[in-house]
Protein chains: 2
Amino acid sequence: MAARLDEMDRKILAELQDDAAQSLDEIARKVGSSKTPVWNRIKRMKEDGVITRQTVLLHAEALGLEACFFVLIRTSEHEADWQAKFLRALQERPEVLEAHRLAGDIDYILKVRVKNARAYDIFYQALISEVRIFNVTALLSMEEIKSTTVLPV
Amino acid sequence: MAARLDEMDRKILAELQDDAAQSLDEIARKVGSSKTPVWNRIKRMKEDGVITRQTVLLHAEALGLEACFFVLIRTSEHEADWQAKFLRALQERPEVLEAHRLAGDIDYILKVRVKNARAYDIFYQALISEVRIFNVTALLSMEEIKSTTVLPV
DNA sequence: CTCAATATAGAACATTATCCCGTATTTCCG
DNA sequence: CGGAAATACGGGATAATGTTCTATATTGAG
C-alpha cells in the first residue's frame, strides 16, 4: 500500500479530486501530458488502492439533514466482543458518517448527520440501549465552516 | 434550496453516491427508468445544488497522511474580525478537512489530516501564532472505524 | 372529461473512454 | 560511458457513453 507517486501522478490526483467528471483529454492537457499515460496512471492508482472510489457529494441540508453532531464517547468496557458489537452497530447506522477510535481518555468520536435534534436523540437512545457506554458528550455543530474530501497531494 | 425529491431522484442519488463512474444506462436500468429522464434529473439536481460535486476519494495512508486529529478549540475572543481571520486561516490550510463552529463550551472542532505527530505540531504552532486561542485539546485517532461521504437518502 | 404541462422512451448525433501500435525515453548493467 | 531491455509516451482506431431531439405517454388542474 506504500504506492510511489511522482509529480505527474499527484497532478492527476489533484485534478480528479477537483472534478472527477472532466474528460481524460482535459486532464491530460492540464497536467501537460496526453490521454494514454493519464489513463494508465489512473488505472494503476485505482488498482493500488490510492483512488478508492468515485462518488458525488450531496448537500446535506437539501436532503433535509440539517443537524450535525460530534459525539465523544467514553466506555468502561474494552473487551474484544464488546468492541466488535459496537463497531457493527456503527457500521449499520447510515447516520454515522465517521467513527474513530482515539488515544487518551475519550475512547471514540463519531460524526453523526441527522434531520434534527429529535432524530439525534432517537439515534442516541438506540445506540446506548444496544451497547453499554460509560459517558457521552454530544457537540452540536452550529455552522459547517469548512468541509472537504480533498487531501493535499 | 428546499429541493423536492421523489423516490426516483433518491434512487438515482443512492446509485451516484455508491459509484459515480457507472454509465447512465446502467443507473437507468437499476432504478427502473431510461437514460433521458435519469440524465434530466441529475442535471436538475446539480443545478439545484443537491449534487455539489463529483470527485474521487483517496486513501490517505497511501499518500503518506498517516495521522488524523480532532482538535477541540476554546477561544476567549468572539468578535467578528477575529472570527473572520480564524476562518480564513482554516480555509487556507489544506490539512484542515473539516471545521465546525459549535454550540456549548467548546467553540470549534477541526478534523486535521497530516503526515505524523510532528506535522501536526507544526500546523498547531502555526495556527496559534496566527490567531489567539484560549484552549486546545487534540484527540488523536488510532483507527478509522468508519468513514463515508454517503448520506442516507 | 379535456386540455395543458410535464415526464418518458427510443433514436440520432457528439463526445469520450478504451485499446492498440509505433516511437521515444529512461533504466540498468556490462 | 554504451547498448539492450524495459517502460512511458503520443496519436489514431473503435467501442462505449453522454447529450440532445422528437414523438408518445402520463399526470394534474379546472
Side-chain angles (χ1 to χ4, degrees), chain A residues 1-65 149-153, chain B residues 1-59 61-65 148-153:
Chain A
M1 190 53 63
R4 222 170 334 293
L5 304 171
D6 63 13
E7 262 316 298
M8 184 61 73
D9 288 326
R10 290 175 191 277
K11 282 188 195 172
I12 293 169
L13 289 178
E15 285 302 326
L16 286 175
Q17 286 193 106
D18 182 54
D19 178 8
Q22 59 189 324
S23 73
L24 282 175
D25 282 319
E26 204 168 342
I27 295 170
R29 187 179 52 74
K30 287 185 187 171
V31 303
S33 183
S34 69
K35 203 163 41 169
T36 306
V38 171
W39 188 80
N40 284 326
R41 284 163 180 270
I42 291 172
K43 183 160 176 272
R44 180 172 47 75
M45 290 192 284
K46 281 179 179 167
E47 287 165 1
D48 292 351
V50 175
I51 299 172
T52 57
R53 64 194 329 228
Q54 185 168 335
T55 189
V56 295
L57 302 183
L58 307 184
H59 193 246
E61 273 80 8
L63 292 167
L65 300 170
T149 59
V150 177
L151 300 177
V153 293
Chain B
M1 189 56 63
R4 218 165 339 288
L5 304 171
D6 63 14
E7 263 316 299
M8 183 61 74
D9 288 326
R10 291 177 190 276
K11 282 188 196 171
I12 292 169
L13 290 178
E15 286 301 326
L16 286 176
Q17 286 193 108
D18 181 53
D19 179 9
Q22 59 190 327
S23 73
L24 283 174
D25 282 318
E26 204 168 342
I27 295 169
R29 187 179 52 75
K30 288 185 186 171
V31 303
S33 183
S34 68
K35 204 158 47 166
T36 307
V38 171
W39 189 82
N40 284 326
R41 282 162 181 270
I42 291 173
K43 181 159 178 272
R44 180 172 47 74
M45 291 191 283
K46 280 180 178 167
E47 288 165 0
D48 292 350
V50 176
I51 297 172
T52 58
R53 65 195 327 229
Q54 185 168 334
T55 189
V56 294
L57 302 183
L58 307 184
H59 193 247
E61 274 80 7
L63 291 168
L65 300 170
T148 183
T149 59
V150 176
L151 300 176
V153 292

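Heavy atoms only: backbone and side chains are in, while hydrogens, waters and symmetry mates are out.
Across the protein-nucleic acid pair, A/Ile42 atom CD1 and C/dC19 atom C1' stand 15 Å apart, rounded to whole Å. Rounded to an integer number of Å, the gap from CE of A/Met8 to C1' of C/dT25 is 13 Å. With rounding to whole Å, A/Arg29 atom CZ is found 14 Å from D/dG11 atom P. Whole-Å rounding puts the A/Arg4 CZ to D/dA8 P distance at 12 Å. Computed from coordinates, the A/Asp6 CG to C/dT25 C1' distance equals 14 Å when rounded to whole Å.
How far CG of B/Leu63 is from CG of A/Leu151: 6.0 Å, rounded to the nearest 0.5 Å.
Scanning all heavy atoms of the two residues, the minimum distance from B/Met8 to B/Ser33 falls at CE-CB, 3.9 Å. For the residue pair A/Ile27 and A/Gln22, the shortest heavy atom distance occurs at CG1-CG, 3.6 Å.
Between B/Asp6 and B/Arg41 a salt bridge is recorded (basic side-chain N to carboxylate O distance below 4.0 Å). The pair B/Lys11-B/Glu15 does not meet the salt-bridge criterion, since no charged nitrogen lies less than 4.0 angstrom from a carboxylate oxygen. The residues A/Arg4 and A/Asp9 are annotated as not salt-bridged, no charged nitrogen and carboxylate oxygen being separated by less than 4.0 angstrom.
Put simply, the side chain of A/Leu58 does not reach to within 4.5 Å of the side chain of B/Thr52, judged on heavy atoms. Within the 4.5 Å cutoff, the side chain of A/Thr149 has heavy atoms near those of the B/Thr149 side chain. Two residues are said to be in side-chain contact when any heavy atoms from C-beta on lie closer than 4.5 Å; B/Asp19 and A/Thr55 fail this criterion. Between B/His59 and A/Val50, the closest side-chain pair of non-hydrogen atoms is not below 4.5 Å. B/Leu65 has its side chain within reach of A/Pro152: a pair of non-hydrogen atoms, C-beta onward, lies under 4.5 Å apart.
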(message) Counting primed atoms plus P, OP1 and OP2 as sugar-phosphate and everything else as base, spell out the protein contacts along nucleotides 14-27 of chain D at 4.0 Å heavy-atom distance: B, S or - for each nucleotide, 5' to 3'.
(response) ---SBBBB------
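Overall bending of the helix from C/dC1-D/dG30 to C/dG30-D/dC1, expressed as the angle between end axes built from five pairs apiece, is 50° (10° steps).
Listed by residue number, there are no residues of residues 11-20 of chain A with a heavy-atom contact under 4.0 Å to DNA chain C.
A close approach under 4.0 Å does occur between a side-chain nitrogen or oxygen of B/Arg41 and OP1 or OP2 of C/dT8. Residue B/Ser33 has no polar side-chain atom (N or O) positioned under 4.0 Å from OP1 or OP2 of C/dT8.
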